[in-house]
Amino acid sequence: MTSRRTLLKAAVLGAPAAALLAKASAAGAALSSGDHVPALVIGSGYGGAVAALRLTQAGIATAVVEMGMAWNTAGSDGKVFCDMLNPDQRSYWLRTTTDQPLGYFLGINANKSIGRYTGVLDSEKFAGIRVYQGRGVGGGSLVNGGMAVVPKRDYFAQILPSVDVASMYDTYFPRANAGLAVNAIDTAWFETADCYRYARVSRDQAKASGYTTTFLNNVYDFGYMKQEQAGTVTRSALASEVIYGNNYGKRSLDRTYLAAAAATGRLTVSAQHVVTAVAPSSAGGYAVTMNQIDTGGATVATKTVRADRVFFAAGSVGTSKLLVAMRAQGLLPGLPDAVGKGWGNNGNVMVARANHIWNTTGALQSGMPAMGIDNWADSAGPVFAEIAPFPAGTELWISLYLAITKNPNRAQFTFNTSTGAVDLSWQTAQNQPAIDAAKRVFDRINARQVTVYRSDLFGVNKIWGDDFTYHPLGGCILNQATDNYGRLPGYPGLYVIDGSLIPGSTGVNPFVTITALAERNIENILANDGL
Ligand code: FAE
C-alpha cells in the first residue's frame with residue numbers, strides 16, 4: 001500500500017528543472033552522426049524516463065532519442081496543447097483528419113480536418129485494432145488520463161510469476177508513486193465538486209446495482225484542480241484538455257522523472273529523431289541509426305551514433321516493431337523467438353449508457369477520471385471499469401466507461417517482407433471476451449436503472465468501442481524474450497525497459513506497473529552490469 005507519507009513526499013520539480021529539460025532537449029543538444037555515448041535510451045515514456053533518471057543519477061551520460069516533439073513551446077494561441085473540442089494540427093501524429101476514440105455523435109462521424117503535423121497523439125492502425133500512443137518528450141504521460149493505479153497483488157503475481165512480489169509492493173511501487181508525484185483526491189471535495197458529478201452519478205448507479213467502486217489516485221495535481229473548480233486559475237482538466245495534452249496541472253514525465261534527469265546535467269534529449277536500426281558495431285557496443293524529422297514528418301537528416309548500452313523504451317508497439325524488424329533484417333538475428341509475441345490490449349473495451357433526463361452528468365466534467373467500478377473478483381468475468389468523463393462542455397446525460405477486462409487473447413508482431421512493415425496479428429473479434437465481461441456489468445446496471453446503451457458514439461449502431469486500445473502491453477515479455485530484468489539474451493548491453501515487458505494485461509491502468517518494473521530492473525542492471 002502506498003502510504004500517505006509516500007504520496008506527500010512526491011517530488012514535482014519546478015521551473016528551474018523544467019528549464020534544464022528544455023535546455024537538454026534543445027536542437028543544439030541533439031546527437032550528431034559519429035557521436036559515441038555510454039547509454040542511449042530509445043523513447044521517453046515511463047520506461048525511458050526511469051532509465052534516464054537512474055542512469056544519469058549513477059553518473060552515466062545518457063542520450064534519450066524521442067520521435068515526438070519536445071512540447072515546450074506555445075503556439076500562436078499561447079498554448080502548448082490544443083483541447084479536445086477544438087483539435088488542430090497539434091492533436092494527431094501525421095494525420096489530415098482526427099481519429100477520435102469516440103469518433104461519432106448521433107451516428108454521424110465527428111472527426112475533423114487538421115493539418116498534417118507531428119502532433120502529440122498517435123492512432124496507429126493495424127489490421128484489427130487502432131493503438132493510441134503518446135508522441136513527444138514524456139511519451140504516454142503527455143496524453144493519458146493520469147490514473148495511477150497499483151495492480152492487485154495476486155493478479156500481479158499471476159502475470160509476472162518470475163518477479164518477487166514483496167519487493168514490488170514494499171519498494172518499487174512506492175518508489176514509482178513517489179517519482180511520478182502521484183496524489184490522492186480529497187474525497188470530501190469530490191462529493192461536492194460540480195466537475196465530478198458525472199462520476200458520482202455513475203458511482204451511485206453502480207452501487208445501487210450491487211457493485212463496489214473505488215477512488216483512483218492520479219498524477220494530475222488535485223490541488224490545482226480544486227482551484228480550477230473555484231475559478232481562481234486557468235482551467236486545464238476542467239477545460240476539456242486530456243488526450244491532446246494538458247496545458248496545466250498534469251505532472252507528466254517532463255515535470256517529474258525527465259526533469260530530475262535533466263537536473264543532473266548528464267541528460268541530452270534528441271526530439272524528432274526516429275530510431276530505425278540498432279546493430280552491433282565493429283567498434284564495440286551498438287550502432288544506432290535514426291532519422292531526424294521535421295514537423296511534417298519528412299526526414300531532414302539520417303544519423304548513426306555508437307552507444308555502449310541501448311535501452312529499448314519505445315513502448316510496447318515501438319519496441320516490439322523495432323526488435324522484430326532487426327531480427328528479420330539480420331541486424332540482430334540472434335534475438336529469441338519470443339520477441340514479438342504475447343501482445344495484448346489489457347482487455348480494453350469502452351461503452352456508454354444514456355441516463356434519464358433527471359440524472360444530469362454535468363456540463364463541466366474533469367478530464368481526469370477519479371473513480372472505478374471494481375468487479376475484478378467476479379471469476380465469471382473480471383472487470384475494472386474506470387468512470388470516464390465525456391467533457392463536451394454541455395449536458396449530454398452520458399455515462400462513459402473504459403473497462404479493463406481479463407481478455408486472455410494475445411497477438412504477435414511479424415515482419416512483412418513485401419511491405420517492409422511490422423504487422424500485428426490481432427483481430428477485432430479477439431476482443432469478444434472483453435465485451436462479454438463488460439456486458440455482464442453494464443447489462444445489470446442498465447436493467448437496475450432502466451437505462452440503455454448509447455449506440456451512436458463508436459460507429460453507426462455500435463455499442464462497444466472494441467476496435468482500439470489505450471493500453472498496449474507485451475511483445476517482449478520479461479523472462480521470456482528477455483532475462484528476468486529486461487536483458488536481451490545474446491546481446492550484452494541491450495535492454496528492454498517499457499510496457500512491452502508486461503504480458504498483455506495488468507488488470508488496471510498500466511503506467512504505475514511499467515514504472516515500478518522499470519525501477520526494479522534498472523536497479524539490478526546498475527548493480528550488476530558494470531555500468
Ligand atoms: P510510452 O509512454 O508509449 O513511450 C514510448 C515513447 O517512445 C513515445 O514517446 C514514442 O514516441 C517513442 N518512440 C516510439 N518509437 C520510437 C522510435 N522508433 N524512435 C524514437 N522514439 C520512439 O511507452 N495509463 C495509465 O496507467 N493511466 C491512465 O490514465 C492512462 N490513460 C491513457 C489515455 C490515453 C489516451 C492513452 C493513449 C494511454 C493511456 N494510458 C494510461 C496508457 C499509458 O500512457 C501507457 O501504458 C504508457 O505510456 C506506456 O509507457 P511506455 O514507457 O511503455
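Just so it is clear, the structure is predicted and the values come from calculations on it, not from any experiment. Counting starts at 1 for both ligands and their atoms, following the listed order. FYI, side chains are in, hydrogens and waters are out, and symmetry mates aren't considered; it's all heavy atoms of this structure.
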Can you report which non-hydrogen protein atom sits closest to [atom], along with the distance?
{"atom": "atom 2 (O) of ligand 1", "answer": "Gly140 N, 2.9 Å"}
{"atom": "atom 29 (O) of ligand 1", "answer": "Met147 N, 2.9 Å"}
{"atom": "atom 25 (C) of ligand 1", "answer": "Phe511 CD2, 3.0 Å"}
{"atom": "atom 19 (N) of ligand 1", "answer": "Val275 N, 2.9 Å"}
{"atom": "atom 42 (C) of ligand 1", "answer": "Tyr470 O, 3.4 Å"}
{"atom": "atom 14 (C) of ligand 1", "answer": "Ala314 O, 3.3 Å"}
{"atom": "atom 53 (O) of ligand 1", "answer": "Gly499 N, 2.8 Å"}
{"atom": "atom 23 (O) of ligand 1", "answer": "Gly315 CA, 3.4 Å"}

For ligand 1, which atoms sit closer than 4.0 Å to a heavy atom of [X]?
{"X": "Val274", "result": "18 (N), 19 (N)"}
{"X": "Gly134", "result": "8 (C), 9 (O), 10 (C), 11 (O)"}
{"X": "His273", "result": "19 (N), 20 (C)"}
{"X": "Ile243", "result": "35 (C)"}
{"X": "Tyr132", "result": "37 (C)"}
{"X": "Gly43", "result": "6 (C), 7 (O), 12 (C)"}

Any salt bridge between [X] and [Y], counting N to O under 4.0 Å?
{"X": "Arg306", "Y": "Asp35", "answer": "no"}
{"X": "Asp374", "Y": "Lys152", "answer": "yes"}
{"X": "Arg54", "Y": "Glu519", "answer": "yes"}

Would [X] count as being in polar contact with ligand 1, using the rule that some N or O on each side must be under 3.5 angstrom apart?
{"X": "Gly68", "answer": "no"}
{"X": "Gly47", "answer": "yes"}
{"X": "Ser141", "answer": "no"}
{"X": "Gly145", "answer": "yes"}
{"X": "Gln133", "answer": "no"}
{"X": "Arg135", "answer": "yes"}

Qualifying residue for salt bridge (Lys or Arg N to Asp or Glu O under 4.0 Å) with Glu124, from Arg130, Arg95, Arg135
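Checked Arg130, Arg95, Arg135 against Glu124; only one passes salt bridge (Lys or Arg N to Asp or Glu O under 4.0 Å): Arg135.
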
Identify which of Met290, His471, Met67 has a heavy atom lying nearest to atom 21 (N) of ligand 1.
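Minimum heavy-atom distance to atom 21 (N) of ligand 1 goes to Met67.
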
I'd like the name of whichever of Val288, Asn346, Asn144 reaches closest to atom 33 (C) of ligand 1 through any heavy atom.
Asn144

Heavy-atom donor-acceptor pair, [X] side chain to [Y] backbone, under 3.5 Å:
{"X": "Asn183", "Y": "Asn218", "answer": "yes"}
{"X": "Glu228", "Y": "Ala237", "answer": "yes"}
{"X": "Asp221", "Y": "Arg251", "answer": "no"}
{"X": "Asp498", "Y": "Ala314", "answer": "yes"}
{"X": "Asn431", "Y": "Asp466", "answer": "yes"}
{"X": "Thr482", "Y": "Leu488", "answer": "no"}

So how far is it from Asn479 CG to Tyr485 OH, rounded to the nearest 0.5 Å?
9.5 Å

Going by the rule side-chain hydrogen bond (donor to acceptor under 3.5 Å, both in side chains), which residues pair with Asn72 if we only count those two or more places apart in sequence or in a different chain?
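Checked Asn72 against side-chain hydrogen bond (donor to acceptor under 3.5 Å, both in side chains); zero matches.
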
Locate the shortest heavy-atom distance separating Val422 from Ala325; write the atom from each residue and the value.
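For Val422 and Ala325, the tightest heavy-atom pair comes out as CG2-CB, 4.1 Å.
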
Of the non-hydrogen atoms in Arg410 and Ser505, which two are nearest, and what is the gap between them?
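In this case the closest contact between Arg410 and Ser505 is NH2-CB, 3.6 Å.
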
Does Val65 approach ligand 1 within less than 4.0 angstrom via side chain, backbone, both or neither, non-hydrogen atoms only?
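The answer is the backbone.
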
Ligand 1 versus Ala313, non-hydrogen atoms closer than 4.0 Å: side chain, backbone, both, neither?
backbone

Of all the heavy atoms in Gly136, does at least one lie under 4.0 Å from an atom in ligand 1?
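Checking ligand 1 against Gly136, which is what was asked, there is a heavy-atom contact under 4.0 Å.
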
Hey, can you tell me if Phe190 and Tyr196 have their rings parallel, tilted or perpendicular (30° and 60° cut-offs)?
tilted

Return a yes/no value: protein heavy atom under 4.0 Å from atom 45 (C) of ligand 1?
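Answer no: nothing from the protein, no heavy atom, is under 4.0 Å.
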
